[in-house]
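Structure, as structure tokens:
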Amino acid sequence: MAKGQKIIVGLDIGTTKICAIVGEIVDDKRIDITGIGTHPSRGLKKGMVSNIDSTVESIKRAIEEAELMSGVEINSVYTGIAGGHIQGLNGHGVIAVKDGEISASDVERVMDAARVVAIPSDREVLHVIPQEFVVDGQDGIKDPLSMSGMRLEARVHIITGAVTSAQNLVKCIQRCSLKALDVILQPLASSEAVLTQEEKDLGVLVVDIGGGTTDIAIFVDGAVRHTAVLPIGGNHLTNDVAIGLRTSPLEAEKIKIHYGCALTELVEENDTIEVPGIGGRPARLMSRRLLSEVIEPRAQEIFKLVHAEVEKAGFEEKIPSGVVITGGTSIMPGMIEVCEQKLSLPTRLGAPSDLGGLIDIVRSPVYSTAVGLILYAFRYHKEKAVEEPPAEKEPLLGQIKHRMQDWVKEFF
Ligand SMILES: Nc1ncnc2c1ncn2[C@@H]1O[C@H](COP(=O)(O)OP(=O)(O)OP(=O)(O)O)[C@@H](O)[C@H]1O
Ligand SMILES: [Mg+2]
């Protein structure tokens, strides 16, 4: 890395691909994308690491490629976490203010009070994100520091997950001789890359439909109100196509990407596709509508589950900005329409924008999480969001503990 050059690396460890993106900090407001490396991921199931060795191999390849393209050496990364084990809930804490003026320690105390919720012993608090503070009954306060008051309340969004999942991610990263600077919830990262501030203020739902998971985040009044990770994604569509069209998963994936459509009525009636046979059988010509008829029910199921999650959380009437869909599976024609039908909300496709450098290469919904990790780190970790020289390795558990403390501190 050239002297004085500051970089942030986002490492998205997804179910279908591992992707490293290098962002160079130009000034306080601008980041240029200078490199990207992607490699197929084979060691994950439904968003979680299930094979350390093959995940390590893919991370190494993605990092090497990103280093080559950007011309910098990568020593540390920000990564994301997802999986069905993630749960989000809202918490509330109240304290009496000591000297009539709110100090940093009062804010820390009220955050501690808010995070005290009953959590099963196999789970840990991953993020505690303030939504708003209330001072002597006055709500909607974003930063209460130095305000006068007697009673301070905090409303927070608490994200919990299985600690072993985070440990496995960090372990893979360390085995590549890299340092994990933070582990960020994937839907929060994607939101950074695809949502506007206006949408977050008004109320919006972001749905990142990847290969193994569908990640959800709801923002209202500028803050996260609900998060969830559903264990369903594009891989299910591929399996359905393989079974429905009697072809191999590899061919099914190609056919899905080239000809797939989530809404049958959008496909011309006499459109045909060629389906390679399995086990030496000859290729067959098939109606493209038939392919769509296989995909449509699963696409509907994904959005039905998303709708049920939004309804359960009580946000159906609170997201006038509608839905932003992103992630690889959102690219499929017809997904916007099926989402609009199932959720009865205006829907748009979201992809990274508003960055410099090689933005044209990363302007795809596939890269929302990796770019979002860079933007999240830039926004919330200003003081340490830069590439550091490799440090002495701390024991794994010690690192995770420090990071969890950082997650609480990062917003102040
Ligand atoms: N043009 C396309 N049309 C349809 N599906 C697509 C297209 N491009 C990619 N996909 C699908 O998107 C999925 C991969 O998306 P993405 O890269 O966002 O997932 P991931 O981050 O690896 O997985 P996850 O986030 O679930 O862990 C695959 O199932 C792939 O088939
Ligand atoms: Mg993903």
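The first residue of the sequence shown is numbered 1, and numbering continues consecutively from there. For ligands, and for the atoms within them, numbers begin at 1 and follow the listed sequence.
- Between the K256 side chain and the G234 main chain, a donor and an acceptor come within less than 3.5 Å of each other.
- Below 3.5 Å of separation, one finds an N or O of K256 facing an N or O of ligand 1.
- Considering backbone and side-chain atoms alike, D215 places every N or O at 3.5 Å or more from each N or O of ligand 1.
- Other residues, nucleotides and ligands contribute only 12 or fewer heavy atoms inside 6.0 Å of the CD atom of E198.
- With respect to atom 27 (O) of ligand 1, the closest heavy atom belonging to the protein is T15 OG1, 2.6 Å.
- For ligand 1, the atoms sitting less than 4.0 Å from at least one non-hydrogen atom of G327 are 18 (O), numbered in the order shown with element in parentheses.
- Nearest heavy atom pair, residue G350 against residue S368, reads O-OG, 3.9 Å.
- Ring geometry for H127 versus Y376: interplanar angle over 60°, hence perpendicular rather than tilted (30 to 60°).
- Of the protein's heavy atoms, I331 CG2, 3.5 Å lies nearest to atom 1 (N) of ligand 1.
- Considering backbone and side-chain atoms together, G328 places an N or O closer than 3.5 Å to an N or O of ligand 1.
- Here the heavy atom of the protein found nearest to atom 13 (C) of ligand 1 is T329 OG1, 3.6 Å.
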field: Worked check of side-chain hydrogen bond (donor to acceptor under 3.5 Å, both in side chains) between T264 and E296
entry: CA-CA 7 Å; T264 310; E296 188 173 321; 2.7 Å; yes
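- At least one donor-acceptor pair under 3.5 Å links the side chain of H85 to the backbone N or O of A162.
- Regarding atom 14 (C) of ligand 1, its nearest protein heavy-atom neighbour is T16 OG1, 3.3 Å.
- Under the 4.0 Å criterion applied to side-chain N and carboxylate O atoms, R109 and D106 are assigned as salt-bridge partners.
- Taking every non-hydrogen atom of N235 and a distance limit under 4.0 Å, the qualifying atoms of ligand 1 come out as 29 (O).
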- request: Test Q186 against D208 for side-chain hydrogen bond (donor to acceptor under 3.5 Å, both in side chains), laying out the working first.
  value: CA-CA 9 Å; Q186 284 185 16; D208 181 332; over 6 Å; no
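- Partner of L237 under the side-chain contact (heavy atoms from CB on, under 4.5 Å) criterion, out of T329, V294, I209: T329 alone.
- Annotation: atom 19 (O) of ligand 1 to nearest protein heavy atom, G211 N, 3.1 Å.
- For ligand 1, the atoms sitting less than 4.0 Å from at least one non-hydrogen atom of V366 are 17 (O), numbered in the order shown with element in parentheses.
- What sits closest to atom 17 (O) of ligand 1 on the protein, heavy atoms only, is K17 NZ, 2.8 Å.
- Among all protein heavy atoms, the one lying closest to atom 31 (O) of ligand 1 is E253 OE2, 2.4 Å.
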